[in-house]
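Since the model is a prediction, treat every value here as computed from it, not as a measurement. Per chain, numbering begins at 1; letters A, B, ... match sequence-line order.
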Amino acid sequence: MVARGPAGRGRPRDSRRQSRPQGTRGQFRLQGSRGQLLLAGAFVLAVGLISLTFVLNASVHTNTLAESETGAVRGGDAVTAREAARGDVGALLGTVNREHDSDYVQAFRDGLPALARGIRDHRAKRGRLVNATLPSSPFTNGTLVKQTAENGSSDYFAKRNTSTGSLIGNRTIMEGTRVRNATFVITNSSGSDSPFVIGFDPATSSRDAWELHVYNGSRGWTLEVFNGGSRVGGPCRPPEARDSVELNIAPATFGSDYCHALSQLNPGSPYNVTFGNGNESKGRFWMVAKDDITGFPSCPSPGNICQDDALYGVDVAFEYRSSTVDYETTLVVTPGEI
Amino acid sequence: MFTLEGVLAAVIVIVALVFALQTVVVTPATSGDSSAAAESQEVDSALKSAAANGQLKRATLFWDRDTADITRFHGASEFRYYTRERFQSGDYPAFLIALDDRFGSTTSMTITVHYRDGSGDMTSQLLVDGGAPGAGAVRASTTVTLFDSDQIVDDGGKPTGTTLEDLQTNSSARFYAPDVSGSDVYNVLEVEVIVW
């Protein structure tokens, strides 16, 4: 039973007075909750912003890492390593041919492990395994054919008639073969009427012959390239006058300058190499033929064309391994092959 | 009435915003913009081109052994290597002039030659010191094989007639990389180019 006070019949006397403070406290409580809500909302927003920042940064970082490894994943790094190895092996081939008269094969066998170790050490820093080894029967023999001058002098590109002593200007140097590293240093030449002509005549196919015409005319040393009698591109000339000029066929340089017309040279294979107007031009040359060539005396034979055994090419087993790419191939190295 | 809470909330949001803006990495490379100093493929192409035409090898042999006090690259002042950023004129390796022409004046570069020393460890010789690589730096590297018969070149880039083998056997002459092989191979270098 509920006890009632004296005024138990109606509302308590101070009920109105009591309700007002209660309503104000509730209002205060609600208003206090709004303030806390505001702070909590701001805090949540701040945490969200900072989290978003971290997510975005992680994404950018991942993207950067992915881009930096793209080459390796797609095999670009393997191709780069392969071509660098091809260049290094080609340089070794050129060196042993130049520095060793007879034991060039053994010199190459001795040099390749040192070369391979150097390449392997550098690539290993970036987590790649690169190796180059010799397979069985790796060597392609060839013949170095050259005309070198004695004491800096030079001789005609012509052949001398042994009985009459006269010069035969047009001659075939080699037949039905392929050459690499063909380089000419022309020290003396007539004008454009009788240029020194280097010919590449297809031996078996019906392709047009290519001719390189070199002369020292009114505008200095000039190279013109012809295919089937038609001139290819414009003439090439070194930028300044000089006493002699170097013609390097594989990299297409004339007087150290790139010659676009020369880069078009494509005689196919096999072909004959001929000289024309050699009785009016002097100089030196050297090239390595793919096959055994006969008809010239052994070197040294200053002032005359001579020949020596040489390495024409070499096959090297190339191996590349990374976390994503395994690649093995055989490099056929014939630097400067035309 | 809620001034204090409102101010605190505003401060929290502003601080978070400032932190976020300061932390997000935005570079030309990350945004996909092509305004980076150089593309990786471009540096790689320049290096391959120099390797093919012999400029790169001549740069590694551009060594002045006749300097009285210290051997160094030709024309390098104070240090053994170059510290300037431009190579437009003067006696510098053609490789550096070509890089300068290719990438222009707004880029910096550091070029390092790595090689194996006499004890078999990998070590380095700076060719160009451009400082610490900046944002958007790209790198490329390739190997260059030196042989005993290779000649160091003069400040015009012409062979001097002095081979690396001569330098190795002459105790008074010094080259930065030693002969590490009994064969024709002298040393295998790695040339690393960083452009930014």
Value for CZ (Arg120(A)) from OG1 (Thr143(B)), rounded to nearest 0.5 Å, stands at 13.0 Å
Would you give the length of the straight line joining atom CG of Leu92(A) to atom CZ of Phe147(B), rounded to the nearest 0.5 angstrom? 5.0 Å
Go through the atoms of Val144(B) and report whether side chain, backbone, both or neither lie under 4.5 Å from a heavy atom of chain A. backbone
Whether the His100(A) and Asp184(B) side chains hold a donor-acceptor pair (N or O, under 3.5 Å, no angle test) is what I'd like checked. yes
If you count every heavy atom of other residues, nucleotides or ligands that lies below 6.0 Å from Phe139(A) atom CZ, does the total exceed 12? yes
Nearest non-hydrogen partners of Leu38(A) and Gly6(B), listed with the distance: CD2-CA, 3.6 Å
Do Asp110(A) and Ser183(B) have a side chain donor and acceptor closer than 3.5 Å? no
Heavy-atom pair with the smallest gap, counting every atom of Gly120(B) and Arg117(A): O-NH2, 4.3 Å
I'd like to know if Lys125(A) pairs up with Glu190(B) as an ion pair, taking the criterion as any Lys NZ or Arg NE/NH1/NH2 lying under 4.0 Å from an Asp or Glu carboxylate oxygen. yes
Please look at Asp44(B) and chain A and tell me whether the side chain, the backbone, both or neither of the residue comes under 4.5 angstrom of a heavy atom of that chain. side chain
Under a 4.5 Å heavy-atom cutoff, which of Arg126(A), Glu83(A), Arg123(A) has the most pairs with chain B? Arg126(A)
With respect to chain B, which residue among Ile119(A), Thr95(A), Leu45(A), Asp121(A) yields the maximal number of heavy-atom pairs within a distance under 4.5 Å? Thr95(A)
Give the member of Arg116(B), Lys48(B), Glu192(B) that has the highest number of heavy-atom pairs under 4.5 Å with chain A. Arg116(B)
Quick check: do Leu115(A) and Val188(B) have side-chain heavy atoms less than 4.5 Å from each other? yes
Working to the nearest 0.5 angstrom, can you tell me the gap between His122(A) NE2 and Tyr115(B) OH? 11.0 Å
Kindly indicate, with the supporting measurements, whether the criterion side-chain contact (heavy atoms from CB on, under 4.5 Å) is fulfilled by Glu5(B) and Gln36(A). CA-CA 7 Å; Glu5(B) 289 88 345; Gln36(A) 288 171 359; over 6 Å; no
How far apart are the closest heavy atoms of Leu39(A) and Ala9(B), and which atoms are they? CD2-N, 3.7 Å
For Leu49(A) and Leu17(B): C-alpha separation, side-chain torsions, deciding distance, then whether side-chain contact (heavy atoms from CB on, under 4.5 Å) applies. CA-CA 7 Å; Leu49(A) 275 171; Leu17(B) 266 175; 3.8 Å; yes
